[in-house]
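What follows is a short report on a single structure.
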Amino acid sequence: MILFPVKRICRKVQFFYQFMSLSSSSSVVQSLDMSEENNPHFPDYGELRTKMQNLANSGSIGKALQVFHLMRNVSGKPTIYDYNSLINCYLKSKNVSLHDLCGLYFEMKRVELYPNASTFNTFLKGLSLLDESKVALSVTVEMCNYGFTPSFSCLSNLLKKCLDSMELVDALKVFDIMLELNFIPTEPKVILLINSLSRCGMTRKACFVFFKLLEKGEFQSPYVHNPILWSLCKSDQMSCALAFFCSLKKKGLVHNVCSYTALVYGFGKKGLFEEASRCLNIMKADGDCYPNVKTYTTIVKCLCDGGRIKEALRLLGEMEKKGFEPDIVTYNIILRALSHKNMVLEIYELYHTIYEKGLSPDRYTATAFSGLLKRGNIGIAHNLLRDIVLSDSDVDVAVYNVYLHCLFRAREFNESLFMISCMEKDGIKPNNITFNTILKAICEEKTVDKALEFFERVEWPGKRPDVVSFNTILSAACKRGDSIMVQTVLNLMEDEGVKLNVVGFTCLMQYFCNIGNVNDCLKLFEHMICYGPRPSMVTVNTLMVILCKNRELGAAYEVFSSLKSYGLSPDARTYDILIRAAMNERNHFLVTELQRKFTVKE
DNA sequence: ATAGGGTTAG
């Protein structure tokens with residue numbers, strides 16, 4: 001009996017183990033129907049074979065196997081051909097199951113039949129029908145171990161199945177086997193493989209695949225390498241991205257607009273707009289390709305994210321002039337930025353333009369207004385949102401979440417209940433964000449106890465409440481200076497293994513300030529500086545407010561001056577806090593100084 | 001076939 005490959009595969013496929021433990025007592029294998037043996041007319045081999053095939057064809061695999069065993073009474077039978085025929089007929093029946101297929105596989109081992117190539121191919125055909133790519137991979141490996149070569153189409157098919165089920169490690173193994181056999185996967189599959197790997201953070205593996213194929217002189221189209229380039233630019237690996245980009249160029253490969261847009265994205269994300277614009281020039285000069293709406297929109301988005309809304313608006317105007325008509329994506333990005341800056345007039349103007357151009361707002365337009373809610377512009381946000389929610393049938397959970405948030409802020413509780421029922425009716429499943437939004441509303445409108453009650457009652461869509469859920473309640477407890485509740489939430493977090501993050505720390509600083517314990521508040525901040533989590537600008541602003549409240553303007557200014565060393569830069573709120581405090585203390589010199597600094601920054 | 005967009009907590 002050939003043991004080694006079987007052992008290896010058993011380890012890989014747990015199901016096989018399950019079957020092995022079953023098989024000793026299984027009726028399929030052991031309880032042979034002995035009645036035939038007592039029959040004075042013993043059927044000959046041909047009859048047995050036909051009978052076995054008919055039974056297998058109709059899906060009666062147990063009975064077919066019994067007949068198969070009866071063939072042993074004929075010398076030299078059954079052969080592997082009988083066995084292959086058995087599986088083949090079984091696969092033609094309507095009720096093929098993995099369990100039976102594995103059972104057949106082990107039966108082959110048990111009776112020490114030596115499989116041939118067709119045995120494996122038949123199994124693989126069945127496993128492919130069952131979409132069992134993991135088992136199919138094990139069988140493929142075993143097939144190779146036996147010295148048989150799987151066909152190109154078989155491997156190609158398996159690669160596709162692995163990719164469809166996002167089993168990327170398996171897909172890579174199939175790719176390895178293919179390359180070993182000198183089989184080159186087709187271009188669509190290569191693109192899918194590289195794309196999936198890149199998107200899942202397996203960029204190095206994607207590169208490996210790409211360069212392996214390049215060695216063989218295959219796939220020089222930018223569709224193959226762009227996913228890698230994008231992945232590098234998105235994960236802030238610009239030097240790698242550039243090296244990759246240039247090395248391909250040196251090798252004579254061609255880049256297209258999408259390749260250059262990736263670089264523009266990477267630079268823009270870091271605020272390096274000069275470099276980004278240099279990419280645009282290089283693109284025209286030696287790439288012989290031209291930026292398009294997506295390229296410009298990428299820059300618009302980066303400008304918005306960097307708070308440079310005026311420049312973004314200027315670029316928007318330039319796009320229109322140059323004939324790169326902005327689309328709804330471009331407008332949504334700008335609307336979102338305007339909404340975060342509370343630029344209501346500009347929002348209405350842009351909204352009007354969108355309609356004028358015959359574009360229609362979509363789900364992203366709706367969510368773009370969430371900034372208005374944060375800024376307290378509830379009524380305006382409500383009007384804009386209602387329009388879209390009522391007109392657009394294509395709303396999703398994010399739109400509902402923003403709309404719910406808006407209704408809660410507007411204290412429209414009846415309408416919010418109605419919206420929740422609409423959500424159910426539309427078959428849109430609430431997510432953690434939905435529940436956290438509701439949780440916040442309960443905290444604000446009712447007691448923290450009520451929130452905790454909801455917290456424990458609700459069936460969370462993810463596995464558990466997340467760190468935002470905990471912070472929502474923690475924040476409410478901290479705002480009220482409710483020590484017992486703060487302790488309760490901290491205990492709960494520990495039980496659930498959820499670590500305090502920068503938001504939780506900031507809440508606690510607020511708490512110590514509220515109960516008049518500025519000392520512990522400062523200690524908390526120091527702890528963050530020394531051991532993390534790294535303070536954010538919100539943390540620092542909170543600290544500034546606390547210091548200024550306690551008439552420690554000097555200390556606040558010191559923190560302000562050392563912001564750079566923490567890798568932070570002050571925002572509009574920082575200046576506002578300090579300028580107000582300086583005014584209160586009638587420190588006119590500081591007021592002027594701060595105003596000057598703020599203007600230069602803007 | 002590759003590229004640009006959104007929602008919750010401080």
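Values below: every heavy atom of this structure, side chains too, minus hydrogens, waters and symmetry copies. In what follows, every chain begins at residue 1, and chains take the letters A, B, ... in the order their sequences are listed.
- Residues from residues 488-499 of chain A with heavy atoms under 4.0 angstrom of DNA chain B: there are none.
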Side chains of residues 473-481 of chain A: which donor-acceptor pairs under 3.5 Å do they make with residues two or more places apart or in other chains?
from: A/Arg480; atom 1: NH2; to: A/Cys443; atom 2: O; distance (Å): 2.5

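- For residues 232-244 of chain A, the set of pairs meeting the salt bridge (Lys or Arg N to Asp or Glu O under 4.0 Å) definition, not counting sequence neighbours, comprises A/Asp236-A/Lys269.
- Residues in residues 497-525 of chain A take part in these salt bridge (Lys or Arg N to Asp or Glu O under 4.0 Å) pairs, two or more places apart or across chains: A/Asp520-A/Lys523.
- A/His382 is linked by a ring pair (Phe, Tyr, Trp, His ring centres under 6.0 Å) to A/Tyr403, counting only residues two or more places apart in sequence or in another chain.
- The salt bridge (Lys or Arg N to Asp or Glu O under 4.0 Å) analysis of residues 432-446 of chain A, with sequence neighbours excluded, yields the pairs A/Arg411-A/Glu445, A/Lys440-A/Glu444.
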Side-chain donor-acceptor contacts of residues 317-324 of chain A below 3.5 Å, not counting sequence neighbours, with atom names and distances?
from: A/Glu320; atom 1: OE2; to: A/Tyr331; atom 2: OH; distance (Å): 2.9
from: A/Glu320; atom 1: OE2; to: A/Lys357; atom 2: NZ; distance (Å): 2.7
from: A/Lys322; atom 1: NZ; to: A/Tyr296; atom 2: OH; distance (Å): 3.4

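- For A/Arg409, there are no salt bridge (Lys or Arg N to Asp or Glu O under 4.0 Å) partners, not counting sequence neighbours.
- For residues 318-326 of chain A, proximity to DNA chain B is found at no residue, defined as any non-hydrogen atom under 4.0 angstrom from a strand atom.
- Pairs engaging residues 373-384 of chain A under the salt bridge (Lys or Arg N to Asp or Glu O under 4.0 Å) rule: none recorded [sequence neighbours left out].
- Within residues 251-259 of chain A, the residues approached by DNA chain B to less than 4.0 Å at the level of any non-hydrogen atom are A/Asn256, A/Cys258, in residue-number order.
- Remark: A/Tyr223 pairs with no residue by the ring pair (Phe, Tyr, Trp, His ring centres under 6.0 Å) rule, at least two apart or across chains.
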